[in-house]
Amino acid sequence: MSLMRQLLTLHRVNTQVTGLRQRLDSAQRFLDAQQRTLNELLQQGEELRRQMRQLEATTANLETEGKSHAERIEKLRTDLNSSKNDRQYQAILADMKSLQAKRDELDATAIGHMDRVEALRTQLATLQGSIDERTTLRDRAKSELDQRVADVSTRLSELETEREIAARAVPADARKTFERVAKETEGEAMAPVIEVSRRHREYACGACNLEIPKESFSKLSGTGESLVQCKACARILYIDEDAQVAVGE
Ligand SMILES: [Zn+2]
């Protein structure tokens, strides 16, 4: 088998492997994106819950403090009734007033906190809606990936074995070039030569349309042992006998 035949065999199986892998990769990328978005939403939910817990704890403390103020006020009221003179009466009354002012302040702060907790609860409910939606999308993406894996995994491993065999048949230097170009071109390592004009002997790269010098074309039309790369896109060029007939005039 000529070098060109070996390369074309490798190219054909490589294109199929790449195609199947791309199907899996794109499903995996889609799933990853859904999972990332879902994680962000879950994290936002955690943060909202953390804020709620903190506010609730602070509110509970304020209520305890308020209760102890209330008890002290009640005790002072008893003292007030048994006060012995006006000076004592006024002093107790002043204490009561100042305690009541503190209590009012605590209540106002607690109410503010509770309002904030309610607002957070509403925010959390909205967020939960987004989390549910995104979870559905994530699950759908996961089953799409599983389905694709189930569909292609057997075929893919068969093709990978074929590819391995085809690659081993190609001489080391040419194989290295092929692998390098395949990596740079998402698996499209080879391009057919396009006949622009048979009369003027003008030919171009089938992938990027750059004109192919006449000497390169002569090399390619020889024994099939020359490896010629496109000067622009680096693809390994080949002459597609069938296409030549179809395109030529
Ligand atoms: Zn090219």
Side-chain angles (χ1 to χ4, degrees), residues 1-34 36 141 144-145 147-149 151-249:
M1 214 198 294
S2 70
L3 173 66
M4 198 44 68
R5 284 274 145 236
Q6 291 164 341
L7 281 168
L8 278 169
T9 305
L10 174 58
H11 176 58
R12 258 192 297 276
V13 67
N14 186 61
T15 306
Q16 292 181 66
V17 168
T18 309
L20 289 185
R21 278 206 197 127
Q22 278 169 349
R23 286 198 62 205
L24 296 183
D25 288 351
S26 71
Q28 181 70 57
R29 269 197 305 279
F30 185 65
L31 171 61
D32 291 347
Q34 301 311 313
R36 256 197 313 279
E144 174 66 26
L145 175 63
Q147 187 58 51
R148 284 194 193 184
V149 169
D151 287 349
V152 309
S153 62
T154 312
R155 184 72 190 122
L156 188 57
S157 68
E158 281 169 7
L159 282 168
E160 271 165 349
T161 310
E162 267 180 57
R163 188 194 186 286
E164 190 58 41
I165 294 165
R168 249 181 280 146
V170 178
D173 278 358
R175 189 167 69 219
K176 242 183 242 169
T177 304
F178 180 92
E179 300 292 4
R180 195 178 53 239
V181 181
K183 213 170 179 183
E184 287 164 5
T185 53
E186 293 183 358
E188 288 301 323
M190 295 182 76
V193 171
I194 302 288
E195 188 173 70
V196 180
S197 159
R198 182 170 293 182
R199 204 144 47 90
H200 297 105
R201 292 178 54 77
E202 277 175 31
Y203 302 95
C205 164
C208 75
N209 287 316
L210 184 84
E211 197 181 330
I212 297 165
K214 284 184 181 60
E215 59 272 24
S216 297
F217 184 79
S218 311
K219 256 175 141 184
L220 276 172
S221 28
T223 55
E225 292 301 330
S226 308
L227 190 155
V228 178
Q229 285 178 267
C230 169
K231 294 258 184 302
C233 70
R235 284 179 177 82
I236 299 167
L237 298 166
Y238 67 94
I239 293 173
D240 187 338
E241 306 295 345
D242 304 334
Q244 284 301 303
V245 177
V247 178
E249 10 165 331

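What you see is a predicted model; the values in this text were computed from it and never measured. When a ligand or atom number is given, it counts from 1 through the structure's own listing order.
Every residue meeting the side-chain contact (heavy atoms from CB on, under 4.5 Å) condition with Ser216, not counting sequence neighbours, appears here in chain and number order: Ile212, Pro213, Val228. A search for side-chain hydrogen bond (donor to acceptor under 3.5 Å, both in side chains) contacts involving Arg21 returns Glu160, not counting sequence neighbours. In this view, Arg155 and Gln16, Leu20, Glu158, Leu159, Glu162 satisfy the side-chain contact (heavy atoms from CB on, under 4.5 Å) rule, not counting sequence neighbours.
A 4.5 Å side-chain heavy-atom check between Val17 and Leu156 finds at least one atom pair inside the cut-off.
Contact detail for Met4 and Ser226: the closest heavy-atom pair is CE-O, 3.4 Å.
In this structure, Phe178 and His11 have perpendicular ring planes: the angle between them is above 60°, well past the 30° mark.
Annotation: protein N, O or S atoms under 2.8 Å of the Zn ion (ligand 1) (waters excluded) comprise Cys205 SG, Cys208 SG, Cys230 SG, Cys233 SG.
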